[in-house]
Amino acid sequence: SYAIRHIIKQVQEKVETVLIPVNLVSKLSGPELMETLLTYDKGGRRFCFIIEDADKVITCEDNADISEILNFGDGIIGETLDSRMILTTNLKRSSINKALTRPGRLCSYVEFKNLTPDQAKVSYNKLTGENKNFNKDVSLAELYRSSKPEEFNGVVTNNSDTGQYL
């Protein structure tokens, strides 16, 4: 989520961002949404459709949602709307439907691995201007949480049974 927010802030003058809830992916090319998208004045900007936690719509081989994603990604609809898509997932690339990962379909695939203690220390310093030592690998979510605890007070659990969720 932080990486996507950062990307959006960097390109917001050139891109009109549309967040698509995963349960509405099957309705992307439906008449209600298409009419709105085709008549919307983007002011010369591109559409960027974002589907967070897209796991359930990008895995099955017989999934109709794959067609919707492909049409908006590189089909005629995508060309007409001059759109791009960002999909987030916790799946390994090998678990994603092969139609989405074929050469020419993906502009990029970014995997956020845990940071080593040294990487975490450097990143924490860049975020806060303070030094902090880490004794184990940490995820980006853990790093952000520790750098801005006031933003996550009461929101993030630190329970070893449930992990950490944002």
Side-chain angles (χ1 to χ4, degrees), residues 1-115 123 127 138-145 147-148 151-152 154-157 159 161-166:
S1 294
Y2 283 101
I4 291 173
R5 277 185 243 157
H6 177 74
I7 292 168
I8 290 169
K9 284 180 184 175
Q10 299 299 311
V11 298
Q12 64 188 354
E13 292 179 14
K14 298 177 185 175
V15 174
E16 187 69 32
T17 305
V18 181
L19 298 171
I20 306 291
V22 75
N23 62 324
L24 293 181
V25 169
S26 62
K27 299 181 181 359
L28 281 175
S29 60
E32 301 87 2
L33 183 58
M34 284 307 300
E35 182 179 346
T36 301
L37 293 174
L38 290 170
T39 59
Y40 181 77
D41 180 13
K42 303 181 291 183
R45 298 181 295 177
R46 290 187 152 152
F47 277 121
C48 179
F49 299 100
I50 299 174
I51 304 171
E52 271 194 294
D53 300 322
D55 300 10
K56 78 174 193 175
V57 297
I58 63 172
T59 53
C60 300
E61 292 301 321
D62 61 345
N63 189 338
D65 294 331
I66 298 291
S67 296
E68 296 288 340
I69 292 169
L70 292 174
N71 285 335
F72 269 75
D74 70 348
I76 293 173
I77 294 171
E79 291 289 324
T80 302
L81 295 173
D82 191 20
S83 66
R84 302 295 182 268
M85 294 189 91
I86 296 175
L87 291 89
T88 68
T89 181
N90 291 317
L91 300 171
K92 294 191 180 299
R93 187 175 182 163
S94 60
S95 299
I96 298 171
N97 185 296
K98 303 296 182 243
L100 295 170
T101 60
R102 280 195 293 242
R105 288 268 166 87
L106 267 148
C107 293
S108 63
Y109 176 85
V110 180
E111 184 175 352
F112 294 93
K113 296 182 178 182
N114 283 351
L115 300 172
S123 297
L127 286 169
V138 296
S139 69
L140 284 176
E142 292 169 318
L143 181 75
Y144 277 106
R145 177 176 184 237
S147 71
K148 300 178 181 185
E151 290 183 24
F152 299 102
V155 176
V156 180
T157 64
N159 180 330
D161 293 338
T162 61
Q164 295 190 345
Y165 299 93
L166 299 179

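Reckoned from all heavy atoms, side chains included, excluding hydrogens, waters and symmetry mates. In this text, all values refer to a predicted model and were calculated from it rather than measured experimentally.
- Taking both residues in full, the closest heavy atoms of Val22 and Ala54 are given as CG2-CA, 4.1 Å, listed atom of the first, atom of the second, then distance.
- Between Ile58 and Asn97 there is no side-chain heavy-atom pair separated by less than 4.5 Å.
- Using modelled atom types and a 3.5 Å distance limit, the side chains of Glu68 and Ser29 yield a donor-acceptor pair.
- Under the 4.5 Å side-chain criterion, counting only non-hydrogen atoms from C-beta, Ile96 is not in contact with Leu87.
- In this structure, Asp55 CG and Thr88 OG1 are separated by 7.5 Å, a value rounded to the nearest 0.5 Å.
- At least one side-chain heavy atom of Ile20 sits under 4.5 Å from a side-chain heavy atom of Val25.
- Partners of Arg93 by side chain to side chain donor-acceptor pair (under 3.5 Å), not counting sequence neighbours: none found.
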| task | Any chance you could lay out the side chain to side chain contact (heavy atoms under 4.5 Å, CB included) test for Thr17 and Ile50, step after step, and finish with the verdict? | result | CA-CA 7 Å; Thr17 305; Ile50 299 174; 3.4 Å; yes
| task | I would like to know whether Ile51 and Met85 meet side chain to side chain contact (heavy atoms under 4.5 Å, CB included); could you show each step before the answer? | result | CA-CA 8 Å; Ile51 304 171; Met85 294 189 91; 3.5 Å; yes
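- Side-chain contact between Phe49 and Ile69: absent, with no pair of heavy atoms (C-beta onward) separated by less than 4.5 Å.
- With rounding to the nearest 0.5 angstrom, the OG1 atom of Thr59 is 9.5 Å from the CG atom of Asp65.
- The minimum heavy-atom distance linking Leu115 with Ser123 is given by the pair CD1-OG, 4.1 Å.
- Scanning both residues, Val15 and Cys48, for their nearest heavy atoms gives CG1-CB, 3.2 Å.
- The OG atom of Ser95 sits 11.0 Å away from the CG atom of Asn90 when rounded to the nearest 0.5 Å.
- Using a 4.5 Å heavy-atom threshold, the side chains of Ile76 and Asn71 count as separate.
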For residues 98-108, please give each side-chain donor-acceptor pair under 3.5 Å, one per line with the distance, not counting sequence neighbours.
{"residue": "Lys98", "atom": "NZ", "partner": "Ser94", "partner atom": "O", "Å": "3.0"}
{"residue": "Thr101", "atom": "OG1", "partner": "Lys98", "partner atom": "O", "Å": "3.4"}
{"residue": "Arg105", "atom": "NE", "partner": "Asp74", "partner atom": "OD2", "Å": "2.9"}
{"residue": "Arg105", "atom": "NH1", "partner": "Ala99", "partner atom": "O", "Å": "2.7"}

I'd like a table of donor-acceptor pairs (distance under 3.5 Å, sequence neighbours excluded) in which one partner is a side-chain atom from residues 33-42, with atom names and distances.
{"residue": "Thr36", "atom": "OG1", "partner": "Glu32", "partner atom": "O", "Å": "3.1"}
{"residue": "Thr39", "atom": "OG1", "partner": "Glu35", "partner atom": "O", "Å": "2.8"}
{"residue": "Thr39", "atom": "OG1", "partner": "Thr36", "partner atom": "O", "Å": "3.4"}
{"residue": "Tyr40", "atom": "OH", "partner": "Glu16", "partner atom": "OE2", "Å": "3.1"}
{"residue": "Asp41", "atom": "OD1", "partner": "Gly43", "partner atom": "N", "Å": "3.0"}
{"residue": "Lys42", "atom": "NZ", "partner": "Arg45", "partner atom": "O", "Å": "3.4"}
{"residue": "Lys42", "atom": "NZ", "partner": "Leu81", "partner atom": "O", "Å": "2.7"}

